[in-house]
Number of protein chains: 2
Amino acid sequence: MIDRNGSTGSFDGVHRRNLARILGLAHLEGPLSRARITALTGLNRSTVASLAGELIELGLVEERAPDPTNRVGRPSPVVAAHPGVVAVAVNPEVDAVTLAAVGLGGRIDARERIEVDDLVTPERTALLVADAIRRWREGDLAHARFAGVGLAVPGLVRAADGLVRFAPHLEWRDAPVREFVEEATGLPASVGNDASLGALAEHLFGAGRGVDDLVYLNGGASGIGGGLVVHGRAVGGHSGYAGEFGQNRPGIAAPEDRRADGGVLEDEVGRARLLEALGLRSADEPTLADAIRSAVDAGDPAIAAELDRQRRILATALANAVNVLNPSLVILGGFLATLAEQDPDAIRAAVAAQAMPAAMEDVEVVVAALGEDRLMIGAAELAFARLLDDPLSVAG
Amino acid sequence: MIDRNGSTGSFDGVHRRNLARILGLAHLEGPLSRARITALTGLNRSTVASLAGELIELGLVEERAPDPTNRVGRPSPVVAAHPGVVAVAVNPEVDAVTLAAVGLGGRIDARERIEVDDLVTPERTALLVADAIRRWREGDLAHARFAGVGLAVPGLVRAADGLVRFAPHLEWRDAPVREFVEEATGLPASVGNDASLGALAEHLFGAGRGVDDLVYLNGGASGIGGGLVVHGRAVGGHSGYAGEFGQNRPGIAAPEDRRADGGVLEDEVGRARLLEALGLRSADEPTLADAIRSAVDAGDPAIAAELDRQRRILATALANAVNVLNPSLVILGGFLATLAEQDPDAIRAAVAAQAMPAAMEDVEVVVAALGEDRLMIGAAELAFARLLDDPLSVAG
DNA sequence: CCGTATTTGTTGCGCTTGACCGCATATCGA
DNA sequence: TCGATATGCGGTCAAGCGCAACAAATACGG
């Protein structure tokens, strides 16, 4: 109740937390010397040595010969996450299921995109995952240790049990996909919302590294999702549904900017309206971005007006978020990144015009950095969570 | 950098944290038996006894004879926050400065409201505080230990150094009021935004007790402010300006509902427009509430329409917050509470109509519980923060 | 090529602290 | 009055981290 962390307040708790801190550093910061770990954690040299040794015995990290560092003094061994520890990341989508084996540190060891004709069911997703793991185990990843499976699902996921409450495009409703995957693979599985996991990935490994308060918005084919980081932690909310910016209703200053009566953000700001303005039927992300660039370069007034309109409305939604959350960073992904890249200062200026000046002082608006690996890395993080939180939990 | 808490990860850290946990329990839960502390913390009986003894020696808690508990077994001594430990809470406002001496546990030992004719300056505020402390020290609180001063300021407060960036109604701009108070009183001082501190108080002692994810909105004379609690912690944002709901621009579905062109939430939803609909010039909070009740009971259509209009717009703003933060509780204070109490289910229904159904499942909308003491308790919490975080920091 | 300064790993020791155990004590019910 | 239950208290134990001394590995200067 008050006690957050099992055995906090006891020696065991200290030990576990210190192990977790070192493993976390190896995971997030990449390979780093024991000396650097000592500096970053404030622990004693001897303590770091002993903890690192314990992590080595657990098979979670390995020590390499020191990097040649042109500095005086005895060189310090480099501690790195063990390459044999991998998580399975899964992203079921309308047209395909993407799977990846992701190592600690965010290294992607294998990646597959399995196209599907019909909508994939939760049961079939589980089978595809089990099948991929079997193939990987017979191939390059024969000696890998699979820590678990993380699923990034485009829909609402209940945090308590990983139940997919509703994924409109997949037509999943109250789908216990976590249990299906655990049964099919024998591995622990976790489920999260795709945009929230994207936010997590950008926070840990992308444009939001080291930023403790950020807002992430992603424009996908199916709408606008997002995620928050507050106090350096991803925000799930009470049930795990936090971050649904697409369902917000921002103010629309000019009535002629409104397209959908009583509509929400993703009715007004969306790929479909951009495609329409371009006269295209459909396009994937890079194609759309190229088409927009060409049209703007050619001086097409229709696309310029539509871009401006969407930017204005997006800016109001972002200003609302800035006022409430006072982040230091706003990250835009998907077609929202395209919207922003087209005129990098325009978005920030439009937000600044509507948000409190003080809150805007330290806000940067940037484009997401991780590209298509984002969801795989976020999903893997979910699968690694238990291990990173308590490395001893995997001890045999 | 990684290490949040000074000496976390060492024995000293464990000891300090355990002391802080017990003091925190006595502070937040009120007097409680050693047995209950043992149960709540998971610490060993002997450990609790030793830690409690240490806190007694520090003069922070005291032990009383056991409460008569009609149960078998040896009765357990009751641990309570020491009544002699107090914080000074200050709330400078346009017409008056309110001061209070608040004990651990939220008990208010003294309270003064000093009316001012002209706007109070930061310098004068500091003198008023020092003066009040002097009087208290000569009176009932002769033996009290003043832990510090907490100021709840109606304006933007920079978290890093407590600088009041801008308090429009007080006409303070970049006011180093914290330093003024520290110089005048010789006590450590902290400054926070009034609405954020109200949210903190409601979270710790009011309608939001035990709730880890909540949104608080307060309607004051000067506008709408608010605060958030995420992961059980108050949200300040990067610079401390978080919670400014009043500056948001929610969608307004019916154009005829709009009153201010290009206005923000507090231009549309405000006391002034309620007073106008009632034909009143000014009124304090209870008077306004009474007037609204009477008018509604009398079937006044103008006030009913205005209440409905404000509720609709407020509901959109709340729905936006619910979608993004997925709280389990929304707390309304000030005239927003009046707005809600008038028709308790109407607000929730209006929010539910515009927020995601799943996110609304577990949301309760309630009225603030603490009344006029809210800001004093929140400000005192600020002053107690250091002590509660590390009880040993006050050791001589 | 060698000595010195610098940095870091290693080792053993000691301190701190919470868990555990046994016994004394306090209350209630029979 | 006695047994059952639950707690307090003191002592002992075990575990983990810091510390200090020593050893090892590197750069630099002569």
Side-chain angles (χ1 to χ4, degrees), chain A residues 3 5-22 31-58 61-79 390-392 395, chain B residues 2-3 5-22 32-58 61-79 390-392 395:
Chain A
D3 192 355
N5 195 353
S7 48
T8 308
S10 121
F11 296 115
D12 201 41
V14 174
H15 189 59
R16 288 175 121 87
R17 188 176 11 256
N18 286 341
L19 281 174
R21 283 166 78 191
I22 293 181
L32 71 180
S33 70
R34 289 229 300 251
R36 239 177 86 72
I37 295 177
T38 307
L40 288 172
T41 59
L43 295 171
N44 192 279
R45 287 202 301 251
S46 53
T47 310
V48 171
S50 137
L51 292 170
E54 200 172 340
L55 288 173
I56 291 170
E57 276 196 27
L58 288 169
V61 303
E62 54 179 22
E63 267 186 356
R64 296 198 309 245
D67 283 331
T69 163
N70 293 320
R71 282 176 51 207
V72 263
R74 178 172 173 170
S76 189
V78 172
V79 177
D390 180 10
L392 287 178
Chain B
I2 298 292
D3 191 357
N5 196 352
S7 48
T8 308
S10 116
F11 296 114
D12 198 44
V14 174
H15 187 58
R16 288 175 122 87
R17 189 177 9 259
N18 286 341
L19 281 175
R21 282 166 79 190
I22 293 181
L32 70 179
S33 69
R34 288 236 288 259
R36 240 177 84 72
I37 296 177
T38 306
L40 287 172
T41 59
L43 295 171
N44 192 277
R45 286 202 306 255
S46 52
T47 310
V48 172
S50 135
L51 292 170
E54 196 171 340
L55 288 173
I56 290 170
E57 276 197 27
L58 288 169
V61 304
E62 54 180 22
E63 268 187 354
R64 295 196 311 246
D67 284 331
T69 162
N70 293 321
R71 282 177 50 208
V72 252
R74 176 171 173 173
S76 186
V78 172
V79 177
D390 180 9
L392 287 179

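Residue numbering restarts at 1 for every chain, and letters A, B, ... go by the order of the sequence lines.
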Take the protein atom [atom1] of [X] and the nucleotide atom [atom2] of [N], then report the distance between them rounded to whole Å.
X	N	atom1	atom2	result
B/Arg17	C/dT17	CZ	P	14 Å
B/Glu54	C/dT17	CD	C1'	11 Å
A/Leu32	C/dT8	CG	P	13 Å
A/Ile37	C/dG9	CD1	C1'	13 Å
B/Arg45	C/dA26	CZ	P	16 Å
A/Arg16	D/dA15	CZ	P	14 Å
A/Asn44	D/dA20	CG	P	10 Å

Can you identify which nucleotide, out of [options], has its nearest atom closest to the [X] side chain?
X	options	value
B/Asn18	D/dT7, C/dG18, D/dC17	C/dG18
B/Pro77	C/dG9, D/dG8, C/dG18	D/dG8
B/Thr47	C/dG18, D/dT7, D/dG18	C/dG18

Q: Report yes if some heavy atom in the side chain of B/Leu51 is under 4.5 Å from a heavy atom in the side chain of B/Arg21; otherwise report no.
A: no
Review item, nucleotides 24-27 of chain D N/O atoms under 3.5 Å of protein N/O:
unit_1	atom_1	unit_2	atom_2	d
D/dA24	O4'	A/Arg74	NH1	3.4
D/dA25	N3	A/Arg74	N	3.4
D/dT26	O2	A/Gly73	N	3.3

If you take all heavy atoms of [X] and [Y], which pair is closest and at what distance?
X	Y	value
A/Ala49	A/Arg34	CB-NH2, 3.6 Å
A/Pro391	A/Arg16	CD-O, 4.2 Å
A/Ile56	A/Glu62	CG1-CA, 4.4 Å

(Q) Checking side chain to side chain contact (heavy atoms under 4.5 Å, CB included) between B/Val48 and each of B/Ile37, B/Val79, B/Leu40, B/Asn18, which is the one that passes? (A)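 When side chain to side chain contact (heavy atoms under 4.5 Å, CB included) is applied between B/Val48 and each of B/Ile37, B/Val79, B/Leu40, B/Asn18, only B/Ile37 qualifies.
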Q: State, to the nearest 10°, the angle formed by the axis through the first five base pairs of the helix from C/dC1-D/dG30 to C/dA30-D/dT1 and the axis through its last five.
A: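 End-to-end axis angle: 10°.
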Q.
Does a side-chain N or O of B/Ser46 approach OP1 or OP2 of D/dC9 to a distance below 4.0 Å, or not?
A. no
Q: Tell me whether the OP1 or OP2 atom of C/dG18 has a side-chain N or O from B/His15 closer than 4.0 Å.
A: yes
Q.
Reading DNA chain C from 5' onward, which residue's closest nucleotide shows up sooner: B/Leu51 or A/Arg34?
A.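 Its nearest nucleotide lies further toward 5', so the answer is A/Arg34.
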